[in-house]
Amino acid sequence: MVRIRSKREIELMAESCQIVGDTLDMLADHVKPGITVLELDSMAEDFIRSRNARPAFKGYLGFPATLCVSVEDEVVHGIPSERILEDGHIVGIDCGAEKSGYFGDAARTFAVGNITDEKQALMDATRDAMFIGIDKARPGNFVSDIGHAIQTFAEAKGYSVVRELVGHGIGTELHEEPQVPNYGIPKQGHELKEGMCLAIEPMINLGAKEVFTDKDGWTIKTVDGKSSAHFENTIAILADGPQILTQGQA
Ligand code: MG
Ligand code: MG
């Protein structure tokens, strides 16, 4: 069942989502060569708790941390560790928070120090693809119109779209119906309606689309070892179009 949220519920979601956006803004100043992923995770947890919210990923299906941090060929779901970020890396940081029973979920990919033009272009295209998808989240469109727009844009630039992981409904649970693939043909799936809340999150690969799960049981990596980028915002569908709830710089 795809839930329709009231104006009051969307206000509560906006609070949780703002905390997520602010957390990512805070982390942006710390994503530098020499920092460990665990240091970022600890900062994020302290920040979220200081806003009277709770990290939504910690404990979710047994995930051990506040952030998913995915470096280079890691697509999503990287587990924070003592790994040190190095100049030239790109790093996807995914963050979720829950407050008053409502969830927010967002991700951005950051450059660590100086990165190649090729990686910068991948990051820019993934961010653009996210916004192109978000723009399709309007009453009267269908779920697959979002993914179709993302896929068309990303593939025209020579990138590939990860199939195994998708965006999702969000609200009183972190993951709700519907699934929101980042590919597909138009006009399939649920019709979009005012009050639906979605997390739209393209995962775009520099090389081939194939991915696998690392032996840690969580981390998703590209099969060809090439870089991957990930951007995500939580949005609410209003009568006149999408409202991005996880505001920030992305
Ligand atoms: Mg996320
Ligand atoms: Mg998500």
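First listed ligand is number 1; within each ligand, the first listed atom is number 1. This one's a predicted model, so the numbers in the text were calculated from it and none came from an experiment.
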Handout entry: N, O or S atom within Asp105 nearest to the Mg ion (ligand 1), by name
Key = OD1

Practice task
Report, as yes or no, whether the 6.0 Å neighbourhood of atom NZ on Lys136 holds more than 12 heavy atoms from other residues, nucleotides or ligands.
Solution key: no

Problem - His168 backbone or side-chain N/O/S under 2.8 Å from the Mg ion (ligand 2) - result: yes

Exercise for the section: Output yes if Glu201 passes the N/O/S-under-2.8 Å test against the Mg ion (ligand 1); output no otherwise. Expected result: no

Practice task
Assert yes or no for the condition that the ring centre distance of Phe110 to His89 is strictly below 6.0 Å.
Solution key: no

Handout entry: N/O/S atom of Asp94 inside 2.8 Å of the Mg ion (ligand 2), strictly under
Key = no

Practice task
May I ask you to test the Glu201-Met203 pair for a side-chain heavy-atom distance under 4.5 Å?
Solution key: yes

Exercise for the section: To the nearest 0.5 Å, tell me how far Ile10 CD1 sits from Leu238 CG. Expected result: 6.0 Å

Practice task
Could you check which N/O/S atom of Glu232 is closest to the Mg ion (ligand 2)?
Solution key: OE2

Practice task
Using a strict 4.0 Å threshold on nitrogen-to-oxygen distance, state whether Lys187 and Asp145 make a salt bridge.
Solution key: yes

